[in-house]
Amino acid sequence: MYRLLALDMDGTLLNRSKMITPAVCDALQAAIREGVNVTIASGRFPASVWLHARHVGMNGCLIAFNGAVILDAETGERVHGFPIPPDAARRIAELAAEAGAYIHFYGYRTLFVEHMNEMNESWPLANVVIDPDKPLTYENYREQADLIQVKQVGPLAAFAEAASEPLYKATIISEDSELLVRLYDELRSWNELALTKTGQRRFDINAAGVSKRKALEVLCRMYGMHAAEVAAIGDYDNDVDMLGWAGLGIAMANSSDRVKRAADAVTASNEEDGVAETVRRYLLS
């Protein structure tokens, strides 16, 4: 019945240690052998999505940056891209600078930052496929980590307006919850943007119309499928639209109540192989 399975990554496909467990990997590979097109729909970098898809053996198109990019699972190359308009990117950066909030922008393979710091320097390593037998050091994961670059560009407003490559996502991060709410509410009123909360101290910014659901609709047109043939699993606010649209929307047990209300069913948590449980129950014959 379900020909396409879409998986969020953090909190869903990955456990708290940011790994795909053997049980989840085995279940997904069984679904692929039975003809299910398994894909990832994540806010992460295309390279990170591609690396994890390759680890499992996915072979269709993948979704990154909350739906702003669709990429090929075999090559990792962009198939479709929906960037933030340059003028809007400039104004986002100006607003964040005036408020004193941290912000960075995402190109296809590059994280653009105003200044290097301990957090953004570690971004490439935070996106690799982790081997439980290898400590998470650059030396151990050089080949994967080098697929994502962190580039210091100075004042981001000037950079964003004149960037020589598309910027697909921005993220604002702050420990000040009141500041985050104020910036979120301000940016949500801009018609050219789509906003999603992706953590307690951060939110993502994409171009208007960008979402995991919209990207899945593009995949359905490519594959000749209907929403009723799609199963989707997620755990956070940027999954709500996708879960409500899919023929089968599954929330992880570690999801918020809002996500659970949008879903058709709730599975076990990401610490209890909830994705594997869902695949065995709904997708394997």
Side-chain angles (χ1 to χ4, degrees), residues 9 39-53 60-97 101-116 120 123-124 126-127 144-173 183-184 187-188 190-196 198 202-219 221-222 238 241-242:
M9 284 184 65
T39 189
I40 291 172
S42 173
R44 285 196 181 205
F45 262 104
S48 186
V49 171
W50 176 68
L51 287 166
H52 286 81
C61 283
L62 308 167
I63 296 166
F65 291 152
N66 298 317
V69 163
I70 297 173
L71 62 147
D72 185 273
E74 293 187 9
T75 66
E77 295 301 314
R78 180 178 53 225
V79 176
H80 296 289
F82 309 94
I84 300 171
D87 180 65
R90 172 186 59 79
R91 291 187 288 117
I92 293 166
E94 288 176 344
L95 180 67
Y102 175 87
I103 184 171
H104 55 222
F105 286 91
Y106 300 76
Y108 194 78
R109 293 185 175 88
T110 307
L111 184 72
F112 294 104
V113 303
E114 182 169 355
H115 299 294
M116 301 294 285
N120 57 43
W123 221 262
N127 281 275
Q144 293 187 59
D146 282 349
L147 294 175
I148 297 172
Q149 303 297 313
V150 182
K151 186 174 182 180
Q152 179 174 301
V153 295
L156 285 168
F159 162 76
E161 189 170 39
S164 59
E165 64 174 280
L167 302 177
Y168 293 104
K169 190 178 85 165
T171 296
I172 291 180
I173 302 173
L183 291 175
Y184 185 90
L187 290 166
R188 188 171 54 176
W190 297 12
N191 293 330
E192 64 265 64
L193 302 177
L195 272 61
T196 48
T198 53
R202 55 178 287 164
F203 63 87
D204 287 352
I205 307 165
N206 295 101
V210 166
S211 70
K212 295 182 181 183
R213 168 186 170 171
K214 291 294 186 183
L216 285 170
E217 289 176 346
V218 173
L219 262 59
R221 290 194 292 271
M222 292 170 62
N238 57 344
D241 199 27
M242 170 178 78

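Note that this is a predicted model, so its numbers are computed, not measured.
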Test side-chain hydrogen bond (donor to acceptor under 3.5 Å, both in side chains) applied to [X] - qualifying residues, sequence neighbours left out:
X    : answer
N66  : D204, N206, N238
E192 : R91
S211 : none
Y102 : H104, N120

**Asked** Among all residues two or more places apart in sequence or in another chain, which pass the salt bridge (charged side-chain N to carboxylate O under 4.0 Å, His left out) test with R213?
**Response** E217, D241
If you compare all heavy atoms of [X] against all heavy atoms of [Y], which two are closest, and at what distance to 0.1 Å?
X    : Y    : value
P46  : L71  : O-CD1, 3.6 Å
A170 : I84  : N-CD1, 3.9 Å
M242 : A41  : SD-CB, 4.0 Å
C61  : M222 : SG-CE, 3.6 Å
P124 : A145 : CB-O, 3.5 Å
I92  : I103 : CG2-CD1, 3.4 Å

**Prompt:** Can you tell me if K214 uses its side chain to pair, donor with acceptor, with the backbone of G67 under 3.5 Å?
**Reply:** no
**Request:** Apply side-chain contact (heavy atoms from CB on, under 4.5 Å) to the pair V113 and W123, showing each step before the final yes or no.
**Result:** CA-CA 11 Å; V113 303; W123 221 262; over 6 Å; no
Under 3.5 Å, sequence neighbours excluded: what are the donor-acceptor pairs made by side chains of residues 151-168?
from: Q152; atom 1: OE1; to: M116; atom 2: N; distance (Å): 3.0
from: E161; atom 1: OE2; to: R90; atom 2: NE; distance (Å): 3.2
from: Y168; atom 1: OH; to: R78; atom 2: NH1; distance (Å): 2.8

Rounded to the nearest 0.5 Å, what separates atom [atom1] in [X] from atom [atom2] in [Y]?
X    : Y    : atom1 : atom2 : value
K169 : Y108 : NZ    : OH    : 14.0 Å
K212 : S42  : NZ    : OG    : 5.5 Å
L147 : N127 : CG    : CG    : 10.0 Å
L62  : M9   : CG    : CE    : 10.0 Å
F105 : T110 : CZ    : OG1   : 14.0 Å

**Message:** Going by the rule side chain to side chain contact (heavy atoms under 4.5 Å, CB included), which residues pair with A215 if we only count those two or more places apart in sequence or in a different chain?
**Reply:** I63, I70
**Message:** Test: ring pair (Phe, Tyr, Trp, His ring centres under 6.0 Å). Region: residues 62-81. Which pairs qualify, not counting sequence neighbours?
**Reply:** F45-F65, F65-Y106
**Asked** Taking the side chain as C-beta and beyond, is there a heavy-atom pair between I172 and L95 under 4.5 Å?
**Response** no
